[in-house]
Amino acid sequence: MAQNVVSRLLVIGNGFDLKCDLKSKFEDYYNNKDDMVKTLEKMNADFNNQNTDKKILQDDVLHITGFPRYFANLNDNMKINFNDKNISFWDFYFYFHKGKLNNWADVESCLNNLLTIKSHKTHPDLEKSLDMIARLEYLRPRLSIKKSYVEEFEELKENFTVDRETLVLLFVLLNNLKYDIEKHSERYLYDFLFDELNKFEKSFNDYLKTLQNEKYKEKSQQLLNKLSSNERYNLLSFNYTTPCTKDSSCNIKRNIHGKLEDHPIIGIDSKNISSDSPVFRFTKTYRIMTLASEKQDKLLPQTVKTIVFYGHSLAPADYSYFQSIFDYYNIYDNDITLVFYYSIYDESKEQKIKRNQFNSVSKLMYEYGTTFHNEKGKNLMHKMLLEGRLILKKLE
């Protein structure tokens, strides 16, 4: 193959930056936000205090909208204005779930869980988490009230027996973020949450800008050289950072989720979300469309023979990308090799890391196989393994 022909596509995720010693983990972001974390820690402690039961939370939420308070209110420190502190709803929400969030794929999953919660048939007790605020809609001033104030209040409280997390989120929306209940509608709510996501993304973007230095450039160049095996390549990055590609081996590089110079995006998979849904604007499909320029160089040339993955969690939120690439290259019939590299940071955990990588690859290939709608999909992974075109490899 001619030297100037692109024969490899490199697909990298946050693990690539971590290998280059960049502190870009989810927890690193919070570790750098001392003032914000102190506030969020105090709030979580108050919310989880045994003395702060659901009745207090319930009564506080109703009190914010104008009803009298029957129970003791939460600590006065909870009245902090997030807008003054530049804390977004998503800063709070992700921190509230930080014990379950090990990487950015978990963060995207957490985002998806809240935004698409109406479809969670396996968790009927959580179905009202977002649209619960619609129950506050008729608390806004009205010209006439059919029932007495007391009757209406008691009926509302009876219908307000929701899970604790819902009450916490409503409290934060109304109390700390000053959500305007008088303007409430489904559109207003999702507009509000989308603006809050932009605030979170900008904050994370500002943090990452402080990290890139000459050492990162040097290490990223060395790592790309290893992954490319001295072949000419195109680079598809799921990160917001820009690795160094000074040599001539890199033909085209693209940050699919935006770069630090632009506006990085965090989104959810568009699968099963209708384009006319208010949630669609939170999908990666929609948000990438807003980043697209008029003309972009072709990232996927027909000359590619090897697709290399490194540092990517292969999470379901990104399956749509991979399936599109696999379709484009028709990996079932064509001579395309998939190489999934993994790194070992602790030798005692090598088998566990390798097993986890195998499981992630298996899930991806199985999910892709279901898109075939024929028998081919069932034996795709087996076929590629037999042909030596599906490789798991430790990065030395």
**Student:** Grab the two heavy atoms, one from C110 and one from Y93, that are nearest each other, plus how far apart they are.
**Tutor:** SG-CE2, 3.3 Å

**Student:** Verify, without hydrogens or angle tests, whether Q357 (side chain) and Y342 (backbone) share a donor-acceptor contact under 3.5 angstrom.
**Tutor:** no

**Student:** In plain terms, say whether E201 and R287 are close enough for a salt bridge, that is, a side-chain N and a carboxylate O under 4.0 Å apart.
**Tutor:** yes

**Student:** For the CG atom of L22 and the CG atom of N213, what is their distance to the nearest 0.5 Å?
**Tutor:** 7.5 Å

**Student:** Under 4.0 Å between a side-chain nitrogen and a carboxylate oxygen: does that hold for E367 and K363?
**Tutor:** no

**Student:** Should K284 and D269 count as an ion pair when the cut-off is N to O under 4.0 Å?
**Tutor:** no

**Student:** Between Q212 and T242, is there a donor-acceptor pair closer than 3.5 Å when you use the side chain of the first and the backbone of the second?
**Tutor:** yes

**Student:** Does this structure show an ion pair linking K23 with D17, if we count only N-O contacts that are shorter than 4.0 Å?
**Tutor:** no

**Student:** So does D34 pair up with K38, basic N to acidic O under 4.0 Å?
**Tutor:** no

**Student:** Flag the pair K98 and D106 as a salt bridge only when some basic side-chain nitrogen lies within less than 4.0 angstrom of an acidic carboxylate oxygen.
**Tutor:** no

**Student:** Between E231 and K305 (salt bridge meaning N to carboxylate O under 4.0 Å), is one present in this structure?
**Tutor:** no

**Student:** Can you confirm whether the side chains of S270 and T283 place a donor and an acceptor under 3.5 Å from each other?
**Tutor:** no

**Student:** Quick check, are the ring centers of H257 and Y321 under 6.0 angstrom apart?
**Tutor:** yes

**Student:** Atom CZ of residue position F372 - does it have more than 12 heavy atoms of other residues, nucleotides or ligands inside 6.0 Å?
**Tutor:** yes

**Student:** With distance as the sole test, does N175 use its side chain to make a donor-acceptor pair with the main-chain N or O of F171 at under 3.5 Å?
**Tutor:** no

**Student:** Do R389 side-chain atoms and I331 backbone N/O form a donor-acceptor pair below 3.5 Å?
**Tutor:** yes

**Student:** Taking the six-membered ring for Trp and the full ring for Phe, Tyr or His, determine whether the centres of F194 and Y190 are under 6.0 Å apart.
**Tutor:** no

**Student:** So does N81 get a backbone contact from the side chain of N176, meaning a donor-acceptor N/O pair under 3.5 Å?
**Tutor:** no

**Student:** Can you tell whether the side chains of K199 and D91 come within less than 4.0 Å, N to carboxylate O?
**Tutor:** no

**Student:** Between atom OG1 of T306 and atom CG of L227, what is the distance when rounded to the nearest 0.5 Å?
**Tutor:** 12.0 Å

**Student:** Give a yes-or-no answer on whether the side chains of E387 and H382 include a donor-acceptor pair shorter than 3.5 Å.
**Tutor:** no

**Student:** Between Q302 and Y329, does any side-chain donor sit less than 3.5 Å from a side-chain acceptor?
**Tutor:** no

**Student:** Give, for atom CG of L235 and atom CZ of R254, the distance between the pair rounded to the nearest 0.5 Å.
**Tutor:** 11.0 Å

**Student:** Under the 3.5 angstrom rule, does the side chain of S220 hit a backbone N or O of C244 as a donor-acceptor pair?
**Tutor:** yes

**Student:** Examine F309 together with Y341 and report whether their ring centres are nearer than 6.0 Å.
**Tutor:** no

**Student:** Is K226 salt-bridged to E396, cutoff N-O under 4.0 Å?
**Tutor:** no

**Student:** Is a side-chain donor or acceptor of N205 paired with a backbone partner of K202 at a separation under 3.5 angstrom?
**Tutor:** no

**Student:** If you draw the axis of the six-membered ring of Y207, does the NZ or CZ of K33 fall within 45° of it and under 6.0 Å from the ring centre?
**Tutor:** no

**Student:** Does a donor on one side chain and an acceptor on the other come within less than 3.5 Å for N112 and E108?
**Tutor:** no

**Student:** Answer yes if the side chains of Y29 and S203 hold a donor-acceptor pair under 3.5 Å, and no otherwise.
**Tutor:** yes

**Student:** Roughly how far apart are D318 CG and S313 OG, rounded to 0.5 Å?
**Tutor:** 6.5 Å

**Student:** Indicate whether the side chain of Y233 and that of S249 have a donor and an acceptor atom separated by less than 3.5 Å.
**Tutor:** no

**Student:** Would you confirm whether S109, through its side chain, and A105, through its main-chain N or O, come within 3.5 Å as a donor-acceptor pair?
**Tutor:** no

**Student:** Is any NZ, NE, NH1 or NH2 atom of the basic residue among E214 and K217 found under 4.0 Å from an Asp or Glu carboxylate oxygen of the other?
**Tutor:** yes

**Student:** How long is the span from the NZ atom in K354 to the NZ atom in K394, to the nearest 0.5 Å?
**Tutor:** 8.5 Å

**Student:** Hey, is the main chain of R8 close enough, under 3.5 Å, to the side chain of N234 for a donor-acceptor pair?
**Tutor:** no

**Student:** Got a donor-acceptor contact below 3.5 angstrom from the W104 side chain to the S24 backbone?
**Tutor:** yes

**Student:** Please report whether the ring centroid of Y188 lies less than 6.0 Å from that of Y179.
**Tutor:** yes

**Student:** Are F238 and F322, when compared by the centres of their aromatic rings, separated by less than 6.0 Å?
**Tutor:** yes

**Student:** Please evaluate residues F94 and F200 with respect to the criterion ring-ring contact (aromatic ring centres under 6.0 Å, His included), reporting the C-alpha separation (whole Å), side-chain torsions for both, the decisive distance (0.1 Å), and the verdict.
**Tutor:** CA-CA 10 Å; F94 295 144; F200 175 83; 5.1 Å; yes

